[in-house]
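What follows is a set of notes on a single structure, which appears directly below.
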Amino acid sequence: MKNVFRIMLIAAAATVFALPAYAQDAAPASTLTPAQEEEKAKLYTEFLKLIKGGPEQQRQASVVGKDYLAKYGTPEDDIVKYIRNWVEKYEQAVRDFEFKEAVAKNPDRAFQLAREQLAASPDNLDLNLALVQAGFNAVAAKNTSHNAEAAQAARRALQLIEGGKTAQNYVLFANRDEAVAGLSYMIGYFLRDSSPAEAAQALVKAAQSNTKFKTEPTTYVYLGGAYYDGEFKKLAADYKTMYEGKEETPESRAAYEKLMQSLDRVIDAFARAAALSKDAAQKKAIMEQLTAFYKSRNSGSDAGLNEYLAGALSRPVPQPGQPAHPAVSPSAASTTPTPQPASTPPASTPPASNPGTKPATPPANNGTPPTKPRQ
């Protein structure tokens with residue numbers, strides 16, 4: 001607790017050098033008895049002595065100051081203004097310290113403390129950035145209950161920064177430009193399960209930045225997972241219901257091509273993640289996922305995967321809904337492949353607290369990809 005009280009002493013320093021003397025030269029006539037005046041003077045003297053002390057003395061000074069304000073707060077004079085100013089600064093310093101401690105050690109408490117402040121000041125950039133940090137720490141501790149609030153804080157912080165607002169400390173990020181990309185990454189990070197379509201949009205923005213998030217493997221792991229959950233699963237389910245096992249029609253052919261384009265975006269994202277990963281364990285996990293999806297696109301074959309992977313980073317990152325480079329083997333380029341079940345269904349795990357240091361895997365592939373229409 002020593003640091004917080006150093007802050008308190010600094011916060012009060014501006015007024016310490018202008019301590020009002022206990023005098024009544026310009027004050028209204030007192031209605032207090034001589035005994036009450038003496039008690040009032042003693043209380044003020046005690047307050048002045050306590051504010052110069054250590055942590056416990058300053059805590060007591062807050063109590064004494066509030067007592068003085070309750071008893072002698074009206075009419076307001078210089079002494080009352082001084083005591084009120086000191087008490088307010090002290091209490092704000094305590095709140096700030098408690099919030100910072102909660103962000104690091106107790107995210108549940110951090111969000112609880114922030115709600116009232118955000119209601120009164122939704123454009124507080126520093127507060128919103130701190131909540132992004134709290135949400136990140138919560139997920140690292142396997143607590144996803146605050147993901148929606150953390151995503152909202154990231155959205156608001158991003159809006160404020162893009163609108164020209166600056167922060168004293170960008171918390172998780174080194175500077176403004178990194179914060180713009182990083183907050184997009186965090187929106188995807190928090191929403192990849194609950195709102196994968198929005199997550200994909202945000203992650204593409206991070207991927208297209210000129211910051212470290214452009215070369216962060218988990219940017220593309222989460223993007224691939226968001227594409228898989230956000231569009232591929234639905235397209236596959238709709239296709240199976242409407243067209244699988246039936247004679248080909250123009251509509252079924254178009255639906256199948258749309259489905260394969262979605263799978264291409266999934267594969268494109270995992271290929272980028274694999275190409276960028278430098279951690280052996282992480283790369284192995286990503287390659288397992290990439291191989292499974294690539295085989296699913298190529299009738300169970302991984303022929304041409306190495307060549308596809310080698311060119312992954314030379315191609316522009318496709319926007320959601322935009323066709324990606326077809327992930328088909330050279331031998332299958334002239335025909336439409338029949339996707340097969342992924343051979344290694346991935347398990348869904350939360351990201352490492354420091355992105356990129358451990359393997360991060362996409363949502364489980366529990367379904368069987370549909371087969372193309374019969375011709």
task: Would you please test Leu172 and Leu129 for side-chain contact (heavy atoms from CB on, under 4.5 Å) and show each step?
output: CA-CA 8 Å; Leu172 286 168; Leu129 286 169; over 6 Å; no
Donor-acceptor pair, distance only, cut-off 3.5 Å: does the side chain of [X] make one with the backbone of [Y]?
X      : Y      : answer
Asp279 : Gln282 : yes
Ser277 : Ala273 : no
Ser301 : Asn298 : no
Asp302 : Lys295 : no
Arg265 : Gln322 : yes
Asn128 : Arg156 : no
Tyr220 : Lys214 : yes
Arg155 : Ile187 : no
Thr249 : Ser252 : yes
Ser296 : Ala292 : no

task: Apply salt bridge (Lys or Arg N to Asp or Glu O under 4.0 Å) to Arg59 and Glu56, showing your working.
output: CA-CA 5 Å; Arg59 186 192 67 77; Glu56 177 56 27; 2.5 Å; yes
Distance check, rounded to the nearest 0.5 Å: [X] atom [atom1] versus [Y] atom [atom2]?
X      : Y      : atom1 : atom2 : answer
Gln261 : Asp268 : CD    : CG    : 12.5 Å
Ile267 : Met260 : CD1   : CE    : 8.5 Å
Gln58  : Ile51  : CD    : CD1   : 8.0 Å
Thr45  : Lys40  : OG1   : NZ    : 12.0 Å
Glu216 : Ser209 : CD    : OG    : 11.0 Å

Nearest heavy-atom neighbours spanning [X] and [Y]:
X      : Y      : value
Gln208 : Val317 : NE2-O, 3.6 Å
Leu309 : Ala274 : CD1-CB, 4.0 Å
Leu158 : Lys205 : CD2-NZ, 3.8 Å
Asp264 : Pro326 : OD2-CA, 3.5 Å
Leu276 : Leu313 : CD2-CD1, 3.8 Å
Ala255 : Tyr239 : CB-CD1, 3.9 Å

- prompt: By the rule that ILVMFWY residues connect when side-chain heavy atoms come within less than 4.5 angstrom, directly or transitively, which residues belong alongside Val103?
  reply: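 For the cluster that includes Val103, the remaining residues are Phe99, Phe111, Leu113, Leu118, Leu127, Leu131.
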- request: Go through the side-chain N and O atoms of Glu46 and Gln60 and say whether any donor and acceptor fall under 3.5 Å apart.
  value: no
- prompt: In terms of side-chain heavy atoms, does His146 have a donor or acceptor partner in Asp108 at a distance below 3.5 Å?
  reply: yes
Would you call [X] and [Y] a side-chain contact if the rule is heavy atoms closer than 4.5 Å?
X      : Y      : result
Ile83  : Tyr44  : yes
Tyr243 : Glu251 : yes
Val204 : Tyr227 : yes
Ser194 : Asn147 : no
Leu69  : Arg84  : yes
Tyr189 : Thr218 : no
Arg95  : Glu98  : no
Gln57  : Lys52  : no

- request: Could you tell me how the ring of Tyr294 sits relative to the ring of Tyr308: parallel (under 30°), tilted (30 to 60°) or perpendicular (over 60°)?
  value: tilted
message: Applying side-chain contact (heavy atoms from CB on, under 4.5 Å) to Asp77 and Tyr72, what does each step give before you reach the verdict?
response: CA-CA 10 Å; Asp77 56 21; Tyr72 312 116; over 6 Å; no
task: Using the side-chain contact (heavy atoms from CB on, under 4.5 Å) rule, take Phe190 and Gln152 through it: C-alpha gap first, then chi angles, then the decisive distance, then the call.
output: CA-CA 10 Å; Phe190 294 129; Gln152 179 56 32; over 6 Å; no
Any Lys/Arg nitrogen of [X] or [Y] sitting under 4.0 Å from an Asp/Glu carboxylate oxygen of the other?
X      : Y      : answer
Glu101 : Lys105 : yes
Lys100 : Asp96  : no
Glu91  : Lys66  : yes

message: Taking the six-membered ring of Phe293 as reference, does the cationic atom of Arg297 (NZ for Lys, CZ for Arg) lie under 6.0 Å from its centre and within 45° of its axis?
response: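 The answer is no, since Arg297 fails at least one limit relative to Phe293.
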Lys42: partners by salt bridge (charged side-chain N to carboxylate O under 4.0 Å, His left out), with sequence neighbours left out: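 Listed in chain order: Glu38.
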- prompt: Applying the side chain to side chain contact (heavy atoms under 4.5 Å, CB included) test to Tyr170, which of Val180, Ile161, Asp177 qualifies?
  reply: Ile161
- prompt: Would you find more than 12 non-hydrogen atoms of other residues, nucleotides or ligands less than 6.0 Å from Lys165 atom NZ?
  reply: yes
- prompt: Between Tyr82 and Val63, is there a shared hydrophobic cluster once you connect ILVMFWY residues whose side-chain heavy atoms come closer than 4.5 Å?
  reply: no
- prompt: What residue among Trp86, Tyr90, Tyr68 forms ring-ring contact (aromatic ring centres under 6.0 Å, His included) with Phe47?
  reply: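 Exactly one option meets the ring-ring contact (aromatic ring centres under 6.0 Å, His included) with Phe47, and it is Trp86.
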